[in-house]
Amino acid sequence: MGTPTVGTERAALRDAVARALRAPSEHNAQPWRWVLGPDHLDLHVDPTRRLPFTDERGHGVLLGCGAALHHLRVALGARGWHADVRHQPEDPSGRPLARVRIRPATDGPGPWTLRHAAAIDRRHTDRRRFSGGSVPVTALQELDDAARPFGGVLHLAYGGHRAVVADAMREAAERQPTHEGYVAELDRWTHRYAGGHDGIPASARLDGPPPDYRDLVLRWFPRGTLRQPRGGADHDDASVLAVLTAVDESPVSVLRAGEALSAILLEATAQGLGTTPITQVLEVPETRERVRHRVVGAHRPPVCVLRLGRPDPLSPPLVPTPRRPLAEVLSETG
Ligand SMILES: Cc1cc2nc3c(=O)[nH]c(=O)nc-3n(C[C@H](O)[C@H](O)[C@H](O)COP(=O)(O)O)c2cc1C
């Protein structure tokens, strides 16, 4: 038994979990469950929110939980707390994915913490065409720097590498819908009952035909209400593709890669970039292997592709996607 967590620490952890609700997750399934104990906070997978026909290997679930864990760290850091995080493989006996203990930080928030905390509410997945404005290499370098503390490496896919990823994306977009159960699962997460507070709402889905930007084909979603920018001279999507890789495919490495993904997305948002995380191409074994061997090298597994671009300045702001209330994801013991 540890020392009981004092009230201020419990309140800080509760507040940070509330901020972590904004983390991205595949199909906005929000596959996390938090348990606040007497002297620690535990993160578990919510098994009812897995996507067995889309995310067969369970990597998407771990990436979403890792992103929530990183959001939690950022929220705590911005409030002057240091988080000690112990990652561990999930266990059928109920062992959590991560256990978090906090103590007052000895120095002020690190260089990224405040800007990332400020980006949490501004980060959204943007599936629209980006502008023709180029993404500076220095900005991309910062994204890779943000990923490294969590074992993530961001590989930029230019030229021939981009062509390999784009071809693989196109093939995955054709093949995955033929997999048993995939379409029904997509349908379930895009047609939620009122008050469900999850899934991908119409406001985040394009109102036109399947997106096809330059050489890129994104995951198809049922038609929504999100409008493409009207265009103009600057309308040619100049987004960059990048591939995030993990140390290896162990659950702890993929969970940490989810933290890296969150760090990248928040840093990109802070820099004014729009982002689309894309895992479809890595969910079809053949296209995943092609990206792995021909773009990043066999030694590091790719876990997420990112589309990064400058939003069209005339595009209206995106509507935040829903999140379940705190009481649904956090339980308290002790
Ligand atoms: C691991 C992971 C995989 C994702 N894969 C895709 C994808 O293949 N295509 C896509 O359009 N969005 C993808 N997304 C974005 C989610 O749909 C999005 O995060 C979720 O709907 C919540 O919306 P928000 O990011 O705007 O908060 C993915 C997100 C995560 C974290």
Side-chain angles (χ1 to χ4, degrees), residues 11-34 36 41 43 60 62-83 85 97-98 100 102 105 108-127 139 142-143 145-150 152 154 197-201 203-204 244 255-277 304 306-309 311 315-330:
L13 286 167
R14 219 178 275 123
D15 287 352
V17 173
R19 300 297 295 133
L21 295 175
R22 290 306 320 161
S25 59
E26 186 159 19
H27 287 8
N28 196 20
Q30 305 165 44
W32 43 74
R33 191 166 63 77
W34 298 94
L36 184 54
L41 174 72
L43 169 62
L62 291 170
L63 292 170
C65 286
L69 185 57
H70 180 262
H71 272 51
L72 179 100
R73 275 185 201 269
V74 167
L76 287 166
R79 291 284 180 94
W81 295 94
H82 175 81
V85 177
L97 282 179
V100 181
I102 60 171
W112 280 312
T113 305
L114 291 177
R115 58 198 258 113
H116 288 185
I120 286 179
D121 285 327
R122 289 190 285 116
R123 184 213 57 80
H124 305 293
T125 297
D126 195 341
R127 301 184 174 86
E142 297 276 340
L143 305 187
D145 289 348
R148 298 270 173 155
F150 306 101
L154 197 62
H197 306 296
D198 55 12
I200 305 184
S203 58
L244 172 65
L255 179 69
R256 293 183 72 226
E259 294 191 77
L261 174 62
S262 164
I264 291 168
L265 295 174
L266 294 178
E267 176 59 25
T269 304
Q271 299 211 25
L273 296 177
T275 56
T276 328
C304 193
L306 286 145
R307 175 176 166 262
L308 304 153
S315 295
L318 291 163
V319 177
T321 51
R323 292 296 186 276
R324 290 179 298 148
L326 184 63
E328 258 186 49
V329 303
L330 176 68

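Predicted, not measured: the structure shown is a model, and the values here were computed from it.
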Listed partners of [X] passing side chain to side chain donor-acceptor pair (under 3.5 Å), at least two apart:
X	value
R33	none
T125	none
D198	R49, R192

For residues 63-70, please give each side-chain donor-acceptor pair under 3.5 Å, one per line with the distance, not counting sequence neighbours.
from, atom 1, to, atom 2, distance (Å)
H70, ND1, S262, OG, 2.6

Using 0.5 Å steps for rounding, measure from the [atom1] atom of [X] to the [atom2] atom of [Y].
X	Y	atom1	atom2	result
H124	L265	NE2	CG	12.0 Å
W34	L13	CH2	CG	9.5 Å
E259	L72	CD	CG	9.5 Å
D126	S315	CG	OG	7.0 Å
N28	T321	CG	OG1	4.5 Å

Any L154 side-chain heavy atom under 4.5 Å of L306 side chain:
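Answer yes - side chains close enough.
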Does the side chain of R127 reach to within under 4.5 Å of the side chain of I200, using non-hydrogen atoms?
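Answer yes - side chains close enough.
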List the steps, then state whether side-chain contact (heavy atoms from CB on, under 4.5 Å) holds for L97 with W32.
CA-CA 10 Å; L97 282 179; W32 43 74; over 6 Å; no
Looking at every heavy atom in both [X] and [Y], which two are closest together, and how far apart are they?
X	Y	answer
L143	A268	CD2-N, 3.5 Å
A78	T113	N-CG2, 3.4 Å
A119	L266	CB-O, 3.5 Å
L273	P311	C-CD, 4.2 Å
H197	P325	CD2-CD, 4.0 Å
G152	L244	CA-CD1, 4.0 Å

When L76 is tested against each of L41, I102, D15 for side-chain contact (heavy atoms from CB on, under 4.5 Å), which residue passes?
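Passing option: I102.
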Could I get the full list of salt bridge (charged side-chain N to carboxylate O under 4.0 Å, His left out) partners for R123, not counting sequence neighbours?
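Scan of R123 (salt bridge (charged side-chain N to carboxylate O under 4.0 Å, His left out), adjacent residues dropped) gives none.
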Between D121 and R19, is the side-chain contact (heavy atoms from CB on, under 4.5 Å) condition met? List the steps.
CA-CA 9 Å; D121 285 327; R19 300 297 295 133; 3.2 Å; yes
Could you tell me whether a side-chain N or O of [X] sits under 3.5 Å from a main-chain N or O of [Y], the two making a donor and an acceptor?
X	Y	result
R323	R22	yes
R324	A29	no
E26	P31	no

In sequence, state the C-alpha distance, the side-chain angles, and the governing distance for L43 and V85, and then conclude on side-chain contact (heavy atoms from CB on, under 4.5 Å).
CA-CA 10 Å; L43 169 62; V85 177; over 6 Å; no
Heavy atoms of other groups near R115 CZ, more than 12 under 6.0 Å
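It does: R115 CZ has more than 12 such atoms within range.
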H71: which residues meet the ring pair (Phe, Tyr, Trp, His ring centres under 6.0 Å) condition with it, sequence neighbours left out?
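Per chain and number, H71 pairs via ring pair (Phe, Tyr, Trp, His ring centres under 6.0 Å) with no residue.
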